[in-house]
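In what follows, a structure is listed as structure tokens, so that the remarks can point back to it.
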Amino acid sequence: MPILHRMNLTSVIHLKRITDLKPDESGRIERVDCSDAMVALMELGCVVGETLEMRQKAPFGGPVAVSTGGHVFAMRKAQAREVWVSSQD
């Protein structure tokens, strides 16, 4: 279920976790629930404001491949659930 996030009290956007994106779907990173493991991903460009694209999802709850900031990298599903994006439809 998407979370509503208020920005500037004038617009409401729907946020979803990147694990909810379908392959080839993209979104703008709006929030990163930072943990120790996320610091390395943030150094690769997984930061608020960047556009992120879901590349592939491994079956059975495995890692996901995403691209952002000119890099393609894999994330554990648990880490991917900590990144929230607004849809770029």
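We number each residue from 1, following the sequence as shown.
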Looking only at heavy atoms, the pair that brings Val72 and Ser67 closest together is CG2-CB, 3.7 Å
For side-chain contact (heavy atoms from CB on, under 4.5 Å), just list the numbers for Val66 and Phe73, CA-CA rounded to whole Å, side-chain angles, deciding distance to a tenth of an Å, and then say yes or no.
CA-CA 6 Å; Val66 297; Phe73 52 92; 3.7 Å; yes
Check this for me, if you would: do Lys16 and Glu25 make a salt bridge, where the nitrogen-to-carboxylate-oxygen distance has to be below 4.0 angstrom?
yes
Measure across Ser26 and Thr51 and return the closest heavy-atom pair with its distance rounded to 0.1 Å.
CB-CG2, 4.2 Å
Over all heavy atoms of both residues, which pair between Arg81 and Arg17 is shortest? Give the atoms and the distance, please.
O-NH1, 2.7 Å
Report the residues that fulfil side-chain contact (heavy atoms from CB on, under 4.5 Å) with Glu50, sequence neighbours left out, ordered by chain and then residue number.
Ile29, Val47, Thr68
Does the pair Ser86 and His14 meet the rule for a side-chain contact (heavy atoms from CB on, under 4.5 Å), with working shown?
CA-CA 6 Å; Ser86 58; His14 292 276; over 6 Å; no
Can you tell if the side chain of Asp33 reaches within under 4.5 Å of the side chain of Trp84, non-hydrogen atoms only?
yes
Would you check if Val85 and Leu15 make a side-chain contact, meaning some heavy-atom pair closer than 4.5 Å?
no
Contacts satisfying salt bridge (charged side-chain N to carboxylate O under 4.0 Å, His left out) that involve residues 55-75 (not counting sequence neighbours) are Glu53-Arg55
Could you walk me through whether Arg28 and Ser87 pass the side-chain contact (heavy atoms from CB on, under 4.5 Å) test, one step at a time?
CA-CA 7 Å; Arg28 183 175 179 268; Ser87 200; over 6 Å; no
Kindly determine whether Val64 and Gln56 satisfy side-chain contact (heavy atoms from CB on, under 4.5 Å), including the steps that lead there.
CA-CA 6 Å; Val64 299; Gln56 295 179 339; over 6 Å; no
Residue pair Glu82 / Ile18, side-chain heavy-atom distance below 4.5 Å:
no
Heavy atoms, side chains only, cut-off 4.5 Å: are Leu21 and Thr19 in contact?
no
